[in-house]
Amino acid sequence: MPEGSYLYCDVSLPVPLDQPFTYSLPETLRHRVRAGSRILVPFGTRKLTGVILRCHDERPEVPTRDALRLIDSEPVLSAELLALGRWIGGYYCSPLGDVLRGMLPLASEIRRGKVWTLTDSGRDAARQLLLDSSPDDPVTQVLRMLEKRPLSSAYLAKAMPLGDKAIRALERKGFIVSEDVQTERDPMRAPSERLRVELAPTPKEGKFNKPERELRAFLELHPGSHNLKELEDAVKNASPAARSLARKGVVTLKPETVAVKIAIRARHDLNPAQQAAFEQIRDAILARRFQTFLLHGVTGSGKTEVYLSAIETALEAGRSALLMVPEIALTPQMAGQFFSRFGDRVAILHSAFTDVERTEQWRRIRSGAASVVVGTRSGVFAPVQNLGLIVVDEEHDGSYKQEENPRYNGRDVAIVRAQAAGACVILGSATPSLESRYNAAKAKYTLLELPGRISGRPMPVVDLIDMRQEFLETRKQETFSRKLIEALGARVENGEQTIVLLNRRGFSSFVACRACGERVQCINCSLTLTYHKRDRRLLCHYCGYAEKVPSKCPKCDSEHIYFLGMGSERVEEELHRAFPAARIARLDRDTVTGKRQYETILNDFREGNYDMLVGTQMIAKGHDIPNVTLVGVISADIGLGMPDFRAAERTFQLLTQVAGRAGRGNVPGIVLVQTINPDHYAVRLAAAQDYQAFYEKELNFRRMMHYPPFAAMANVLVRSEKKEMAMRMSTDLGFLLNPPPEKLRIMGPAEAPVPRLKNEYRYQFLIKAASRKSLNELLQKIRAYAVDHKWSATALVIDVDPLTLM
DNA sequence: AGCACGCCGACT
DNA sequence: GTCGGCGTGCTC
Ligand SMILES: [Zn+2]
Ligand SMILES: [Zn+2]
């Protein structure tokens with residue numbers, strides 16, 4: 001890496017303008033700038049943090065402004081990662097600035113902070129106003145808050161959602177001023193259990209209060225670093241004392257290293273199938289050859305042991321390894337497996353960590369101190385050196401796809417990164433995505449199969465229950481079939497645990513009027529509101545809008561309101577009614593607001609504090625769901641009716657995954673699946689646990705319809721708050737795309753499946769292309785068209801390789 | 001995307 | 001007359 005002296009640098013900025021900006025470098029920065037470092041630059045009236053793409057001496061045609069400050073002396077993005085970012089920008093049609101922002105260790109750090117301060121005249125005005133104006137006037141409130149201390153605009157916006165106008169009015173009058181601040185994260189803000197305190201090498205002298213003196217004395221007596229929380233037992237008020245001593249330079253605070261205390265776990269011997277799979281992977285790693293493996297094995301077939309052995313091989317060869325897991329699976333238990341095998345060589349990248357902890361993990365990875373990285377989707381950007389292996393567990397999982405810009409798929413980015421690095425990739429799944437499995441069939445990937453469960457554990461027995469037949473026989477529309485009730489009752493009797501799945505949140509999915517047929521809709525979206533009984537309100541699952549439960553029809557005033565469609569909350573209630581003595585827990589987005597509750601509920605279930613676990617797909621995913629003897633599926637039909645070509649695949653995956661939770665030890669589990677589509681191939685073949693048959697059937701459908709993996713696909717959506725605007729954009733784009741270029745099929749313009757969402761009208765085009773190249777060329781043409789016609793940057797949404805078509 | 005500038009209705 | 005609405009244009 002050349003370290004010369006440069007006059008200019010090209011900077012990528014987090015703005016929707018897909019171009020670099022050239023800045024001149026002041027004397028002090030000329031020899032320090034490097035491609036991949038962050039830099040603070042003036043941009044219009046603002047200051048922005050961008051990433052340096054290139055340093056050079058070529059005077060640009062336009063006049064330049066001076067860069068302000070270099071943030072990193074060492075690049076945060078290596079040349080390898082910069083190149084990967086460029087690839088993502090091109091492939092997924094996203095501005096490079098957006099891509100790079102998402103690759104940085106702390107995306108939040110990029111967001112510039114603005115702090116509002118009262119001016120002198122503002123202080124006078126505040127005193128006046130506080131005397132004679134109403135206290136709930138937003139202007140008065142803002143002044144009162146700022147009188148105590150300056151506040152960040154983010155804080156003000158949160159405290160007063162409607163204070164925006166008041167703030168601007170006050171600024172115009174000169175009562176308040178704003179200042180751009182580059183927020184340096186204050187390490188002292190972390191909770192005490194996550195901090196270690198140590199005496200500074202040359203502690204400064206000064207006046208101290210009692211807790212400060214005691215803490216200092218303790219640290220002199222017990223040299224080394226101590227966990228701050230634990231110190232509080234020995235020294236009263238240690239936490240505030242440590243923080244104030246740190247400010248005075250007497251002690252230093254640093255983040256606690258994430259430590260899970262588990263004894264180094266002995267490695268299991270691999271069974272023959274595992275060994276055979278491992279040997280192929282090992283050979284590729286040792287040959288430093290880029291190769292992608294698809295490791296296909298049912299739940300409990302021992303994929304993890306293969307991962308662990310492969311990672312070990314990479315480490316022994318002096319290379320590092322990256323393990324990607326779905327968002328929901330990254331739990332302490334999951335991390336613990338890796339700590340126990342690889343000790344402190346492991347770094348965990350997790351959104352639940354504080355900024356300080358994440359920075360610390362990131363630093364350990366870049367320095368090479370950590371050579372095994374466990375992370376989620378964005379973990380693919382971990383700054384590992386000398387990458388030898390990337391494992392993508394549950395490769396079919398939807399959480400690898402980012403549903404906002406840049407809309408990349410972490411699994412696919414992993415493969416591109418590995419290819420550039422000459423590394424291996426293992427894609428693991430019990431239900432591989434059609435794309436991956438097809439790539440294996442075409443020999444683009446190497447297929448490795450792990451047949452059956454390890455140590456001869458039996459596969460579960462799956463029974464389909466035809467709910468149409470059940471209705472004919474009982475003449476009653478019940479939630480639970482007689483067979484399921486009986487099976488659940490027997491488990492409660494025996495003290496065995498059960499899992500009950502219904503992949504739909506809430507109590508009932510809509511509220512309707514018997515008199516006029518009206519269904520209560522969201523005011524922002526063309527969707528019905530879901531009834532949430534516990535919260536006594538109707539909720540929109542897409543925009544969060546909520547309203548009270550109506551007692552009469554909002555349209556015709558009739559009081560004959562009824563609730564339709566069943567959700568997990570109602571299943572829980574009906575189970576309570578059917579089994580009053582059973583202890584029941586529910587696991588879905590409504591009972592799990594943070595990571596903590598998820599773990600608490602599962603731990604309680606594991607310890608036997610509950611008899612039944614009801615929930616949505618959350619109870620099917622995740623590695624730490626305990627196995628049970630009975631799994632009940634209330635309705636396999638949810639999702640099958642979705643206007644989405646992946647509906648069958650998703651249903652198959654979900655049913656297969658939840659069935660995998662059945663069976664303990666040598667006792668085969670039982671899975672009872674209720675459905676009104678017992679003949680649908682996704683349901684039938686999931687019950688038969690026949691992946692191969694499903695794959696072939698679904699592949700035929702995709703081939704016939706020119707869907708992936710037989711076409712490269714993109715969803716192009718235009719949106720606007722004004723319906724006419726959205727329609728005009730879609731018709732204009734329709735003309736541009738007509739006639740469609742060679743080798744491209746274009747469906748649209750059409751209303752999006754959700755025509756109005758978050759107060760925006762939406763129209764879409766589905767583009768299917770025989771070649772990647774022709775698809776990308778067309779998409780770039782569409783982008784250029786949008787820029788030429790001055791569409792707002794948010795009006796056009798391009799989703800390459802979409803997972804959902806909403 | 002932000003943010004400034006600029007041009008028109010409706011309030012002191 | 002000013003205040004404040006949001007259309008338009010620019011950012012190295
Ligand atoms: Zn009505
Ligand atoms: Zn809504």
Side-chain angles (χ1 to χ4, degrees), chain A residues 6-26 29-30 33 35 37-70 89 93-102 107-108 110-116 125 133 137-139 152-154 156-157 162-182 404-407 718-722 724-725 728-729 758-760 783 786-798:
Chain A
Y6 302 97
L7 296 174
Y8 303 100
C9 66
D10 294 350
V11 178
S12 171
L13 293 169
V15 288
L17 301 166
D18 202 5
Q19 51 159 324
F21 294 85
T22 306
Y23 289 86
S24 43
L25 293 164
L29 297 185
R30 282 184 192 165
V33 287
S37 291
R38 291 171 301 174
I39 193 166
L40 188 69
V41 294
F43 191 69
T45 55
R46 300 176 285 165
K47 295 171 186 173
L48 292 179
T49 302
V51 174
I52 301 174
L53 297 176
R54 193 169 75 94
C55 308
H56 58 89
D57 292 329
E58 301 153 26
R59 185 198 193 86
E61 314 214 328
V62 287
T64 56
R65 294 171 75 182
D66 268 5
L68 300 169
R69 190 162 69 81
L70 188 66
C93 298
S94 286
L96 186 58
D98 282 347
V99 177
L100 296 184
R101 178 175 44 182
S108 59
I110 286 289
R111 224 170 280 141
R112 63 247 144 241
K114 205 177 192 183
V115 168
W116 292 102
S133 80
D137 175 31
V139 173
S152 75
S153 55
L156 270 176
L162 304 169
D164 206 41
K165 279 182 194 159
I167 291 167
R168 258 190 272 163
L170 284 167
E171 187 188 22
R172 246 194 310 277
K173 287 182 185 131
F175 289 167
I176 61 177
V177 288
S178 71
E179 190 191 355
D180 273 324
V181 277
Q182 196 58 31
E404 62 189 48
N405 262 340
R407 299 174 167 270
V718 290
R719 56 180 184 181
S720 168
E721 284 188 20
K722 297 185 192 115
E724 317 79 66
M725 184 62 184
R728 220 192 66 212
M729 291 189 294
K758 295 180 185 170
N759 202 23
E760 284 179 320
R783 286 179 81 194
V787 172
D788 284 352
H789 291 73
K790 312 243 184 303
W791 291 4
S792 88
T794 48
L796 178 70
V797 181
I798 297 179

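By convention in this document, chain letters (A, B, ...) are assigned in the order of the sequence lines, proteins followed by strands, and residues within each chain are numbered from 1. Computation of the quantities below employed the complete heavy-atom set of this structure, encompassing side-chain atoms and omitting hydrogens, waters and symmetry-equivalent molecules.
Counting non-hydrogen atoms under 4.0 angstrom, A/L17 reaches a base of the nucleic acid. At a threshold of 4.0 angstrom between heavy atoms, the contacts of A/T22 include nucleobase atoms, whether or not backbone atoms are also involved. Within the nucleic acid shown, A/P16 comes within 4.0 Å of at least one base atom, counting heavy atoms only. Within the nucleic acid shown, A/S24 has no heavy atom closer than 4.0 Å to any nucleic acid atom.
Atom CH2 of A/W791 is separated from atom P of B/dA1 by 14 Å (rounded to the nearest Å). Protein atom OH of A/Y23 is 11 Å distant from nucleotide atom P of C/dT11, rounded to whole Å. In this structure, the CG atom of A/L13 is 9 Å from the P atom of C/dC12, given to the nearest Å. Spacing between atom CZ of A/R46 and atom C1' of C/dC10 amounts to 11 Å, rounded to whole angstrom units. The distance between atom CZ of A/F21 and atom C1' of B/dG2, rounded to the nearest whole Å, is 13 Å. Rounded to whole Å, the distance from CG on A/D18 to P on C/dC12 is 17 Å. Taking atom CZ of A/R719 as the reference point, atom C1' of B/dA1 lies 12 Å away to the nearest angstrom. Rounding to whole angstrom units, NZ of residue A/K790 and P of C/dT11 are separated by 13 Å.
Side-chain atoms of A/V797 and A/R719, non-hydrogen and from C-beta on, do get closer than 4.5 Å to each other.
Counted within 6.0 Å of CZ on A/R54, heavy atoms from surrounding residues, nucleotides or ligands total more than 12; the atom is thus considered enclosed.
Of the candidate nucleotides C/dC12, B/dA1, B/dC3, B/dC3 has the atom nearest to the side chain of A/T45.
Between A/L53 and A/A35, the shortest heavy-atom contact is O-CB, 3.5 Å.
Rounded to the nearest 0.5 Å, atoms CD (A/E721) and NZ (A/K758) are 13.0 Å apart.
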